Novice: 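This is the structure I have questions about; it appears just below.
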There are 2 protein chains.
Amino acid sequence: MPTPSRAKRPARPRRKTYHHGDLKRALRDAATRLLAERGGDGLTLREAARLVGVNHAAAYRHFADKRALLAAVAEEGYAALARRMRDADAGTARADVAERLRRIGTAYVEFARAEPALFGLMTGPRLNEDGRFPAVEQALQQGVDALEAPLRDGQAAGVLRAASIEGQALTLLTLIHGYAALVLTRRIHVKPARIGEYLGTLLEPLLRGLSR
Amino acid sequence: MPTPSRAKRPARPRRKTYHHGDLKRALRDAATRLLAERGGDGLTLREAARLVGVNHAAAYRHFADKRALLAAVAEEGYAALARRMRDADAGTARADVAERLRRIGTAYVEFARAEPALFGLMTGPRLNEDGRFPAVEQALQQGVDALEAPLRDGQAAGVLRAASIEGQALTLLTLIHGYAALVLTRRIHVKPARIGEYLGTLLEPLLRGLSR
DNA sequence: ACCTGAACACCGTTCAAGT
DNA sequence: ACCTGAACACCGTTCAAGT
């Protein structure tokens, strides 16, 4: 069998000494890729090192243990999630508040659906049960922030009750997160095409309660 | 050192042949205990077999693999959770609807706090990503059911809008679950003594929106 | 300073063999 | 039918040793 093009594994320039590369970032990126391609159980410290072409023990020079590597992956994930939420509200200044909030929430759920293993890591139980990675805890705040712009506009326009923006944002995010978690674990069954629509149904009574 | 009372590990009657015992149940119970005592990473198929006093390979006669054992543990957990939710609404028929719903929701969150590893298994990403255990998916319905009694009473009394009871219950559970998940993973910081109180704050606008 | 090689104590899973 | 023993292919973590 003659060797065809070998589309996969495109002949990485594998130096013999990795002495200068940014191994920390390389390991984190490899771990992120593993998570996306093979799911939560496929993310292995040894396999990430293998992908980078380095001895697995070298990872311990840059991460205290496997969980520290996972935390780094999760942090990056939170940044990406917040970006998607902000993007969902870009250029929609004229849409009404309910619609804007629904779009931001849909971005949250769609992120979870597009990257289920990453989302599972970010929000799952294993990562931070002992509070070792405060950065991960605070990362969600960026997402809460994304909800605040439409809430502020809504209060200014007089359609929303005057109340703590942060409180309103947290209430909304709690519902959105619960929805994402339940959809992802198949506790709520919604057709993929209807995910945003059903979120609107869930948000409706809450927004009515937040209105004046 | 003379042997004192040895309060722990009360000399289980360990037969040499396990041929008759209900090994399936014994393994499931041991796994549940491991989860409670050592957390998610401490739950090992081999260790569960060790606790029961049986060769670990024997587990494969009763469970297809480790995940099947985890699913059995999770199912039992859902039954316990639903029981707590129903108990929280027992003998409170005269309390108002909002208060009853808040109590049921608090039972949900307190269960999660009391059994964090079990709750993490039940709701976490690892268990059922491929839909292999439909029983686990449906188990949450028992919890949703517990919310329906107060909702029915509220609609009958005319304080709640006439609408799908199931829809209202699912909306409430989504918010409650999101709250439990975020509290458990330290994304929301609430003092333990204030957990039920803050749930009330979260539920308030939603219930206002569900009211006529 | 950064990485390798080898070792340690574990896993989940499989399978022939025992009773 | 149900369980044991031994093996296999993996892990995460540690540590002396190399450059």
Side-chain angles (χ1 to χ4, degrees), chain A residues 12-31 34-35 37-74 117 121 124 126-130 132-133, chain B residues 12-31 34-35 37-74 117 121 124 126-130 132-133:
Chain A
R12 222 171 299 117
R14 189 171 298 184
R15 300 163 197 82
K16 281 208 187 78
T17 77
Y18 212 97
H19 243 346
H20 55 305
D22 190 347
L23 183 51
K24 183 164 188 175
R25 175 189 299 267
L27 285 169
R28 193 196 55 190
D29 291 350
L34 273 173
L35 207 50
E37 291 173 5
R38 305 194 201 173
D41 294 329
L43 171 41
T44 279
L45 195 145
R46 288 174 105 113
E47 182 68 16
R50 238 172 262 136
L51 279 179
V52 173
V54 90
N55 187 288
H56 60 270
Y60 288 88
R61 189 67 45 176
H62 300 96
F63 299 99
D65 51 23
K66 188 189 179 182
R67 287 178 61 207
L69 172 60
L70 296 182
V73 172
L121 170 68
R126 292 300 172 75
L127 187 60
N128 196 30
E129 359 187 49
D130 50 3
R132 234 183 81 194
F133 306 104
Chain B
R12 222 171 300 118
R14 189 170 301 186
R15 300 161 197 83
K16 280 207 189 76
T17 78
Y18 213 96
H19 244 346
H20 55 307
D22 190 348
L23 182 53
K24 182 164 189 174
R25 173 188 301 269
L27 285 169
R28 192 196 56 189
D29 292 350
L34 272 173
L35 206 51
E37 291 172 4
R38 305 193 202 173
D41 294 328
L43 170 42
T44 277
L45 195 148
R46 287 175 107 113
E47 181 68 17
R50 238 172 262 137
L51 280 179
V52 173
V54 89
N55 187 288
H56 61 271
Y60 288 86
R61 189 68 44 177
H62 299 95
F63 299 99
D65 52 20
K66 188 189 179 181
R67 287 178 61 206
L69 172 60
L70 296 182
V73 171
L121 171 67
R126 294 297 172 78
L127 187 58
N128 197 31
E129 1 186 48
D130 50 4
R132 235 182 81 194
F133 306 104

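Here the structure is a predicted model, which is why all the values come from computation and not from measurement. Naming convention: chains lettered A, B, ... in sequence-line order (proteins, then strands); numbering from 1 in each chain.
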Novice: CZ of A:Arg25: more than 12 outside heavy atoms within 6.0 angstrom?
Specialist: no

Novice: Produce a footprint string for nucleotides 9-17 of chain C: one letter per nucleotide, 5' end first; B if the base is under 4.0 Å from any protein heavy atom, S if only the sugar-phosphate is, - if neither.
Specialist: --BBBBB--

Novice: Can you tell me how far apart NE2 (B:His62) and CG (B:Asp22) are? Round to the nearest 0.5 Å.
Specialist: 7.5 Å

Novice: Might you work through the side-chain contact (heavy atoms from CB on, under 4.5 Å) test for A:Leu43 and A:Leu70, ending with a clear yes or no?
Specialist: CA-CA 9 Å; A:Leu43 171 41; A:Leu70 296 182; 3.3 Å; yes

Novice: Please state how far atom CG in A:Asp22 lies from atom C1' in C:dC2, giving the value in whole angstrom units.
Specialist: 13 Å

Novice: Taking Watson-Crick and G-U wobble pairs with both distances under 3.5 Å, convert DNA chain C into its dot-bracket string, 5' to 3', dots for unpaired and | for cross-strand pairs.
Specialist: ||.|||||...|||||.||

Novice: Run the side-chain contact (heavy atoms from CB on, under 4.5 Å) test on B:Arg46 and B:Arg50 for me, step by step, so that the C-alpha distance in whole Å, both residues' side-chain angles and the decisive distance to 0.1 Å come before the verdict.
Specialist: CA-CA 6 Å; B:Arg46 287 175 107 113; B:Arg50 238 172 262 137; 3.6 Å; yes

Novice: For the pair B:Asp41 and A:Arg67, find out whether any cationic side-chain nitrogen is under 4.0 Å from an anionic carboxylate oxygen.
Specialist: no

Novice: Could you tell me whether the phosphate oxygens of C:dC2, OP1 or OP2, come under 4.0 Å of any side-chain nitrogen or oxygen in A:His62?
Specialist: no

Novice: Would you mind reporting whether A:Arg132 and A:Asp65 have side-chain heavy atoms less than 4.5 Å apart?
Specialist: yes

Novice: So A:Thr44 and A:Leu34, side-chain contact (heavy atoms from CB on, under 4.5 Å) or not? Walk me through it.
Specialist: CA-CA 8 Å; A:Thr44 279; A:Leu34 273 173; 5.5 Å; no

Novice: OH of B:Tyr60 to CG of B:Asn55: how many Å apart, nearest 0.5 Å?
Specialist: 11.0 Å

